[in-house]
Asks: 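Quick one: the structure is below, questions incoming.
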Amino acid sequence: MLDLHGIDNVVLEARSRDYVEHRQRAGLIEQATVNFLAELGVDERLRREGLVHGGIELRFDGRGHRIAMDELTGGRTVTIYAQTEIVKDLIAARLQRGGPLLFDTEALALGDIDGERPRVRACGSEGEFDLECELIAACDGFHGIGRPGMPPALLRSAGHSYPYAWLGILAEAPPSCDELIYCHSDRGFALHSMRSPEVSRLYLQVAPDARIEDWSDQRIWEELHLRLAQDGWSLTEGPVLEKGITPMRSFVAWPMRHGRLFLAGDAAHIVPPTGAKGLNLAAWDVHILGEAILASFEQGNDSLLDAYSDTCLCRVWRAQDFSYWMTTMLHAEPEDPGGYSRRLQLARLAYVCSSESAARSLAENYVGIERI
Ligand code: PHB
């Protein structure tokens, strides 16, 4: 976005190009994110290869119920397109334009974020160097130096961790469904997603301390069959191309700006993957930040930069609530004396699948609420 407007910028990437282009993440893109990528001119492959979905299935008690998101939201849809593919498209566009994108270059420390010329100390293949600039966007994830670079006395945070994790696989198997299946079962949650007509992406709720060595491919498929079971439906298996375990947590740090340091994406907030809001929130943050930088640099108007944190946090908290709600509706609670949580979940699911206004609430959050 800055490139397109001729504003000099440097991107520091701690990892290698190969690493970031192959890291598996979620793959569900909201319409607002698709539109943003189109504005940037990096949507060509997404339009060609992305799978547009107008609904999802909620499966519980062994039966499926379709939530028609498009009909409930005036025609809005989501697009299935892996985050790694977006990363590849953005890198290709950046390299083509020739702007600096330094791989294997780690940001080590931030300096003078209150002053006119903040600095980033970084280490790349040719050793350490200082980068002086006008503004720093910390898009460096939960473990980056951006958030700890904020004055500790001013930064607040709150979060929640869940007593489960997700085990995800990528399988060379045609998807056994046309739309995503979010499945509640007494054995735990399962999600059937996809990447292409030939590749499925599947997830299982596992214990938070589960080890990938304990989950053979055979055990994973057996568990998927058991959880997703439905009369007249079957799951197609295929070679497992990749597998990994993702922890589940919710977290928000605020304010998202101090002085000339701006936090964006996972540097400021984490959501559990149920509903796949992580990438979409990050894209939203950088969209807001990009517009604010342009207003400041091109028109000398800092009001959008001043409003950045509040503007983003409004949507962040909406997504926090939705992700928590979806997660706690669908995952089996390991401690559930008498099965109270399970009954509540089934009551919520039955309500969402029988009341149009309850279904609409899910649908509008799922496709993404832009302005609140
Ligand atoms: C995915 O395809 O990776 C995916 C889809 C939907 C989710 C989470 C992950 O809610």
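Counting convention: from 1, in listed order, for ligands and their atoms alike.
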Asks: What pair of heavy atoms forms the shortest contact from Ala173 to Thr236, and how long is it?
Replies: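 Looking at all heavy atoms of both residues, the shortest contact is CB-O, 3.7 Å.
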Asks: State plainly whether the residues Lys88 and Glu85 are in salt-bridge range, i.e. N to O under 4.0 Å.
Replies: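 Counted as a salt bridge, because a side-chain N and a carboxylate O are separated by less than 4.0 Å.
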Asks: Find all atoms of ligand 1 within a distance of less than 4.0 Å from any non-hydrogen atom belonging to Leu180, and give their numbers and elements.
Replies: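 So the answer, numbered in order with elements, is 5 (C), 6 (C).
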Asks: May I ask whether Ile80 has any heavy atom positioned less than 4.0 angstrom from an atom of ligand 1?
Replies: no
Asks: Glu49: what forms a salt bridge (charged side-chain N to carboxylate O under 4.0 Å, His left out) with it, not counting sequence neighbours?
Replies: Arg45
Asks: Can you list the ligand 1 atoms lying under 4.0 Å from a non-hydrogen atom of Pro273?
Replies: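 Atoms satisfying the 4.0 Å criterion: 7 (C), 8 (C), 10 (O).
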Asks: Looking only at heavy atoms, which two atoms of Leu37 and Leu46 are closest? And how far apart?
Replies: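 Shortest heavy-atom separation between Leu37 and Leu46 comes out as CD1-CD1, 3.8 Å.
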Asks: Between Glu13 and Arg15, is the closest basic N to carboxylate O distance under 4.0 Å?
Replies: no
Asks: Before you tell me yes or no, could you show the steps for Glu333 and Arg342 under salt bridge (charged side-chain N to carboxylate O under 4.0 Å, His left out), namely the whole-Å CA-CA distance, both residues' side-chain angles and the distance that decides it to 0.1 Å?
Replies: CA-CA 8 Å; Glu333 292 296 330; Arg342 175 177 168 275; over 6 Å; no
Asks: Which atoms of ligand 1 have any heavy atom of Gly275 under 4.0 Å away?
Replies: 10 (O)
Asks: Name the closest protein heavy atom to atom 3 (O) of ligand 1, giving the residue it belongs to and the distance to 0.1 Å.
Replies: Tyr203 OH, 2.6 Å
Asks: Just to confirm my output: which protein heavy-atom neighbour is closest to atom 2 (O) of ligand 1, and how far is it?
Replies: Ser193 OG, 2.6 Å
Asks: For Tyr182, take its heavy atoms, then give the atoms of ligand 1 lying under 4.0 Å from any of them.
Replies: 6 (C), 7 (C), 10 (O)
Asks: Phe262: which residues meet the ring pair (Phe, Tyr, Trp, His ring centres under 6.0 Å) condition with it, sequence neighbours left out?
Replies: Tyr308
Asks: Under a 4.0 angstrom heavy-atom cut-off, which atoms of ligand 1 come close to Gly27?
Replies: 1 (C), 2 (O), 3 (O)
Asks: Going by the atom numbers of ligand 1, which of them fall below 4.0 Å from some non-hydrogen atom of Arg195?
Replies: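 Atoms satisfying the 4.0 Å criterion: 1 (C), 2 (O), 3 (O).
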